[in-house]
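Reading through the structure tokens given below for one structure.
Sequence lines set the chain letters: A, B, ... in the order given, protein chains first and strands last, and positions in each chain run from 1.
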There are 2 protein chains.
Amino acid sequence: MATSIICTVDVVLLTLHDGDLHAVLLRRERDPFKQAWALPGGYIDPEHDQSAWEAAARLLEQKTGIVSPYLEQLATFSGPARDPRGWSVSVAYYALVPADILPADGEAVKRVPTARLPTLPFDHGNILQTAVSRVRSKSQYSSLPVYLCGERFTLPQLQTVYEAVLGEPVNKVSFRRKVEELGMLEPIEGEMDAGKAHRPAQLYRLRKEFRRRLSVLDRGLNSRS
Amino acid sequence: MATSIICTVDVVLLTLHDGDLHAVLLRRERDPFKQAWALPGGYIDPEHDQSAWEAAARLLEQKTGIVSPYLEQLATFSGPARDPRGWSVSVAYYALVPADILPADGEAVKRVPTARLPTLPFDHGNILQTAVSRVRSKSQYSSLPVYLCGERFTLPQLQTVYEAVLGEPVNKVSFRRKVEELGMLEPIEGEMDAGKAHRPAQLYRLRKEFRRRLSVLDRGLNSRS
DNA sequence: TGAATAGTGTCTTTGAGACAATATTGC
DNA sequence: GCAATATTGTCTCAAAGACACTATTCA
């Protein structure tokens with residue numbers, strides 16, 4: 001009989017921790033690579049999943065409890081050697097979530113800084129690197145990083161998030177102009193930092209229309225790289 | 001036994017014809033959709049293919065005779081309904097080739113303008129649209145459209161190609177500045193248009209280093225969209 | 001010489017970054 | 001008032017587009 005192909009999905013779940021971009025890894029419960037830290041993922045279930053995207057959303061929720069508002073296809077990785085069980089195809093996705101909805105690191109879940117990744121099983125290291133560069137590049141001209149913030153945030157906080165993702169400082173005036181141009185935020189009437197010894201910053205939230213989609217600019221944040 | 005998933009690849013082969021972007025379609029020799037015009041594609045063969053990319057390159061060559069210098073993954077399409085044979089995953093690729101290496105339209109191969117696509121079987125219409133917008137967007141900041149030119153071409157010709165892909169006029173001075181900045185072309189000593197009643201244009205070719213990869217700009221060709 | 005298109009110089013406009021002035025808070 | 005950070009105004013510089021001028025060919 002013809003050899004059949006293993007069809008899986010993998011999810012790169014990204015968040016911010018200590019001011020740096022981190023990926024969430026799970027400890028594998030089964031072979032291959034039992035006990036190793038790896039990306040959340042698993043088999044597509046043709047009985048229940050209506051698409052690879054649904055499989056990714058389902059597996060992410062089953063394995064981490066997280067329903068991410070932003071889950072997008074990254075790329076597909078394939079070949080005879082990436083999985084010891086045989087010729088495989090993995091459709092990879094990436095998700096961005098605010099730090100506060102993640103469980104603390106534990107026996108089965110942990111965050112690792114994307115700047116210092118451990119060696120990972122399968123081709124998960126490659127998938128993760130691809131996701132990080134995709135996120136970095138998309139962040140230059142879109143509102144993608146707002147998914148790393150909670151529901152309410154100030155512009156200085158958001159700027160810090162952009163800087164963490166892009167890995168370089170961002171001009172404050174240009175940043176505010178761009179955010180204005182993107183038009184996806186609305187101010188909330190309360191203010192924040194009532195406890196800090198300086199002028200409090202205005203709190204903002206995403207406009208309803210942008211809760212699940214990006215706002216995109218022509219020209220980017222002009223981070224020369 | 002568990003239902004197995006059908007794993008295929010599809011290739012969106014793009015070229016220029018009569019000044020417009022066209023896709024190449026093949027007449028299907030088998031069911032499903034026997035006789036219908038559809039994208040070149042087929043099953044991944046785990047016995048021979050080392051990756052989905054290799055499967056795409058192999059199928060493209062087998063079905064059209066073309067070995068494309070540029071063949072890149074587009075996205076993966078999946079679900080229970082896109083193929084009547086069952087739950088399927090198709091890894092889609094796109095390729096750009098100069099008009100002169102294509103066979104003329106015939107019984108089994110034809111070009112269709114991407115601006116007026118016929119209804120296509122499977123989800124090939126969707127795949128094709130996705131490919132066109134990807135190519136358009138990449139063309140704004142990279143050398144991608146040079147793959148639609150032959151080996152030798154003039155800057156005015158290249159500009160026309162960009163305009164066809166982008167679907168809008170491009171500023172001549174800016175265009176030449178950008179091409180200079182991309183640094184991927186070198187002039188050839190001979191000139192062209194010796195037969196035209198006006199000043200002949202300098203012929204250029206791709207530098208060796210760029211024969212198989214793109215040159216990318218920060219800021220794009222500034223086509224406001 | 002005239003028509004036609006290639007190639008270049010330069011002015012104007014737009015947008016990004018630098019810098020700094022003003023605003024608001026707790027101490 | 002002072003320290004600290006938020007927010008805004010404005011200047012400078014770089015890049016894109018507009019426009020027009022020069023160059024080269026054939027008829």
Side-chain angles (χ1 to χ4, degrees), chain A residues 19 139-143 149 152-164 166-183 185-205 215-225, chain B residues 19 139-143 149 152-164 166-183 185-205 215-225:
Chain A
S139 297
Q140 298 206 348
Y141 58 91
S142 81
S143 60
C149 291
R152 301 142 47 87
F153 47 86
T154 67
L155 291 187
Q157 284 171 351
L158 183 59
Q159 180 172 350
T160 303
V161 171
Y162 267 85
E163 289 172 338
L166 295 175
E168 61 188 2
V170 166
N171 180 282
K172 181 173 52 166
V173 179
S174 302
F175 178 74
R176 283 165 178 262
R177 275 193 293 241
K178 286 297 183 184
V179 168
E180 171 72 20
E181 191 183 340
L182 282 164
L185 299 186
E186 58 188 8
I188 313 176
E189 292 322 308
E191 287 184 343
M192 84 161 309
D193 281 347
K196 303 291 180 57
H198 56 75
R199 177 173 175 177
Q202 175 65 53
L203 276 174
Y204 289 83
R205 67 176 161 225
S215 180
V216 177
L217 292 169
D218 268 358
R219 260 181 321 287
L221 283 164
N222 255 46
S223 333
R224 302 287 178 284
S225 41
Chain B
S139 297
Q140 298 206 350
Y141 58 90
S142 81
S143 61
C149 292
R152 300 142 50 86
F153 47 87
T154 68
L155 292 186
Q157 285 170 350
L158 184 60
Q159 181 173 347
T160 304
V161 170
Y162 268 86
E163 289 173 338
L166 296 174
E168 61 187 3
V170 167
N171 181 281
K172 181 173 54 164
V173 179
S174 302
F175 179 74
R176 282 166 178 262
R177 275 193 292 240
K178 287 297 184 183
V179 167
E180 171 73 18
E181 192 182 340
L182 282 164
L185 299 186
E186 58 188 6
I188 313 177
E189 291 322 309
E191 289 184 343
M192 85 161 309
D193 281 345
K196 303 292 179 57
H198 56 75
R199 176 173 176 175
Q202 174 65 53
L203 277 174
Y204 289 83
R205 66 177 161 226
S215 180
V216 176
L217 292 169
D218 268 357
R219 260 180 322 286
L221 283 163
N222 256 47
S223 333
R224 301 288 178 283
S225 42

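- When each of A:A197 and B:G195 is assigned the nucleotide of DNA chain D with its nearest heavy atom, A:A197 is the one assigned upstream, toward the 5' end.
- Of the listed nucleotides (D:dT25, C:dG7, C:dG17), C:dG17 has the atom at the smallest distance from the side chain of A:R177.
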Would B:L166 and B:Q140 count as a side-chain contact (heavy atoms from CB on, under 4.5 Å) if you check the C-alpha gap in whole Å, the side-chain angles of each, and the deciding distance to 0.1 Å? CA-CA 8 Å; B:L166 296 174; B:Q140 298 206 350; 3.7 Å; yes
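- Of all heavy-atom pairs spanning B:N171 and B:Q159, the tightest one is C-NE2, 4.2 Å.
- Taking atom CD of residue B:Q159 and atom C1' of nucleotide D:dG17, one finds them 12 Å apart after rounding to whole Å.
- Rounded to whole Å, atom P of D:dT5 lies 18 Å from atom CG of A:L203.
- If you check distances only, the side chain of B:K172 never reaches the base of D:dG17 with a donor-acceptor pair under 3.5 Å.
- Summary of the strand contacts: A:R199 and A:S174 both lie near DNA chain C, and taking for each the nucleotide with the nearest heavy atom, the more 5' one is attributed to A:S174.
- Along DNA chain C, the nucleotide closest to A:V173 and the one closest to A:K196 are compared, and the more 5′ of them pairs with A:V173.
- The minimum heavy-atom distance linking A:L203 with A:R152 is given by the pair CD1-NH2, 3.3 Å.
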Trace of the side-chain contact (heavy atoms from CB on, under 4.5 Å) decision for A:Q157 with A:M192: CA-CA 11 Å; A:Q157 284 171 351; A:M192 84 161 309; 3.8 Å; yes
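- Under 4.0 angstrom from either OP1 or OP2 of C:dA16 there lies at least one side-chain N or O belonging to A:K178.
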